[in-house]
J.: 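Before I ask anything, here is the structure I am working with.
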Amino acid sequence: MDTQFKKGVLELLVLLFASKKDRYGYELVEEISKVVNVNEGTIYPILKRLTNEGYFETYLKESTGGPSRKYYKLTVLGIKRKNILLDEWKKFEKSVNSFVKESECNE
């Protein structure tokens, strides 16, 4: 997938996956990697920025398999941001699909 496409949608994917339940960073990387090819170096800066902007709260939780994990919990502001981005995505997707369909018909 083109880097610019991916860059534009990663924030939405992070917020969507974290809206289902609190997640730790590597868990988000694994889940998002099932949709688009990303690595930790891509997701962690997004998590840091979204936390700094007030969209996530973080807390540590003991892990049975190693050190404590930092969990990301969506805030009310984060839920609003997710809903805004999701609405924008749906409008964008509809517009692009309509354009593609029209373009294919004109060929």
Side-chain angles (χ1 to χ4, degrees):
M1 176 182 271
D2 181 89
T3 305
Q4 291 303 315
F5 285 152
K6 194 186 312 184
K7 188 176 180 180
V9 77
L10 285 176
E11 180 176 328
L12 174 59
L13 291 176
V14 167
L15 293 168
L16 284 171
F17 279 113
S19 70
K20 295 177 184 177
K21 67 177 187 174
D22 297 358
R23 306 269 188 167
Y24 58 92
Y26 189 71
E27 184 180 21
L28 280 165
V29 172
E30 287 180 325
E31 290 298 317
I32 292 169
S33 291
K34 293 175 184 175
V35 178
V36 291
N37 185 20
V38 294
N39 59 40
E40 294 173 43
T42 304
I43 298 300
Y44 281 107
I46 293 170
L47 287 170
K48 182 177 172 87
R49 179 178 56 79
L50 293 175
T51 301
N52 289 341
E53 292 174 354
Y55 300 130
F56 282 115
E57 293 174 347
T58 62
Y59 61 91
L60 292 177
K61 187 175 178 183
E62 292 296 321
S63 170
T64 56
S68 297
R69 292 181 172 151
K70 182 189 236 182
Y71 278 79
Y72 294 84
K73 177 180 176 63
L74 216 52
T75 63
V76 172
L77 190 62
I79 293 168
K80 288 178 184 176
R81 177 71 178 158
K82 175 198 61 123
N83 291 337
I84 289 168
L85 289 178
L86 190 55
D87 286 344
E88 289 176 358
W89 173 260
K90 288 176 181 178
K91 289 175 189 171
F92 176 75
E93 177 189 31
K94 185 177 178 181
S95 295
V96 170
N97 285 340
S98 176
F99 180 79
V100 168
K101 189 174 181 177
E102 287 176 25
S103 296
E104 289 174 340
C105 289
N106 292 333
E107 288 183 0

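This is a predicted model, so every value here is computed, not measured.
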J.: Rounded to the nearest 0.5 Å, how far does CG of L50 lie from CG of L74?
T.: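 CG of L50 is found 9.0 Å from CG of L74.
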J.: Anything under 3.5 Å between a donor and an acceptor, one on a side chain of residues 81-92, the other on a protein residue two or more places apart or in another chain? List them.
T.:
| unit_1 | atom_1 | unit_2 | atom_2 | d |
| --- | --- | --- | --- | --- |
| R81 | NE | E11 | OE2 | 2.9 |
| R81 | NH2 | E11 | OE2 | 3.2 |
| N83 | ND2 | I79 | O | 3.3 |

J.: Which residue pairs satisfy the salt bridge (charged side-chain N to carboxylate O under 4.0 Å, His left out) criterion with at least one member in residues 63-73, sequence neighbours excluded?
T.: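 Matches after skipping sequence neighbours: none remain.
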J.: Listing request: all ring-ring contact (aromatic ring centres under 6.0 Å, His included) pairs with a residue in residues 10-51, at least two apart in sequence or in separate chains.
T.: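 Applying ring-ring contact (aromatic ring centres under 6.0 Å, His included) to every pair that reaches into residues 10-51, excluding sequence neighbours, yields Y24-Y71.
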J.: Using side-chain heavy atoms (C-beta onward) and a distance below 4.5 Å, is F99 in contact with S95?
T.: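 SC-SC contact between F99 and S95 ruled out.
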J.: Nearest 0.5 Å, please: how far is OG in S103 from NZ in K101?
T.: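 Going from the NZ atom of K101 to the OG atom of S103 covers 12.5 Å.
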J.: Name the atoms and distances for all side-chain donor-acceptor pairs under 3.5 Å in residues 52-63, with sequence neighbours left out.
T.:
| unit_1 | atom_1 | unit_2 | atom_2 | d |
| --- | --- | --- | --- | --- |
| N52 | ND2 | K48 | O | 3.4 |
| E53 | OE1 | R49 | NH1 | 3.3 |
| Y59 | OH | D22 | OD2 | 2.6 |
| E62 | OE2 | S68 | OG | 3.1 |
| S63 | OG | G65 | N | 3.2 |

J.: Just by modelled atom types, is the K94 backbone N or O under 3.5 Å from a matching donor or acceptor in the S98 side chain?
T.: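 No: the side chain of S98 does not pair with the backbone of K94.
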J.: If the condition is side chain to side chain contact (heavy atoms under 4.5 Å, CB included), which residues does V76 pass it with, not counting sequence neighbours?
T.: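 Per chain and number, V76 pairs via side chain to side chain contact (heavy atoms under 4.5 Å, CB included) with K80.
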J.: How many angstroms lie between atom CD1 of I46 and atom CG of L13, to the nearest 0.5 angstrom?
T.: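 I46 atom CD1 to L13 atom CG measures 9.0 Å (nearest 0.5 Å).
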J.: With rounding to the nearest 0.5 Å, note down the distance linking CG in L47 to OH in Y72.
T.: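 Answer rounded to 0.5 Å: 4.5 Å.
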J.: On a heavy-atom basis, which atom in V14 and which in L28 lie closest, and how many Å separate them?
T.: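 Heavy atoms of V14 and L28 come nearest at O-CD2, 4.1 Å.
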J.: To the nearest 0.5 angstrom, please state how far the CD1 atom of I43 sits from the CZ atom of R23.
T.: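 Nearest 0.5 Å value for the CD1-CZ distance: 12.5 Å.
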J.: Tell me, please, which residues at least two apart from K21 pass salt bridge (charged side-chain N to carboxylate O under 4.0 Å, His left out).
T.: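 In terms of salt bridge (charged side-chain N to carboxylate O under 4.0 Å, His left out), with neighbours along the sequence ignored, K21 is linked to E27.
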J.: When rounded to the nearest 0.5 angstrom, what is the spacing between CG in L10 and OG1 in T42?
T.: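 Reported value, rounded in 0.5 Å steps: 7.0 Å.
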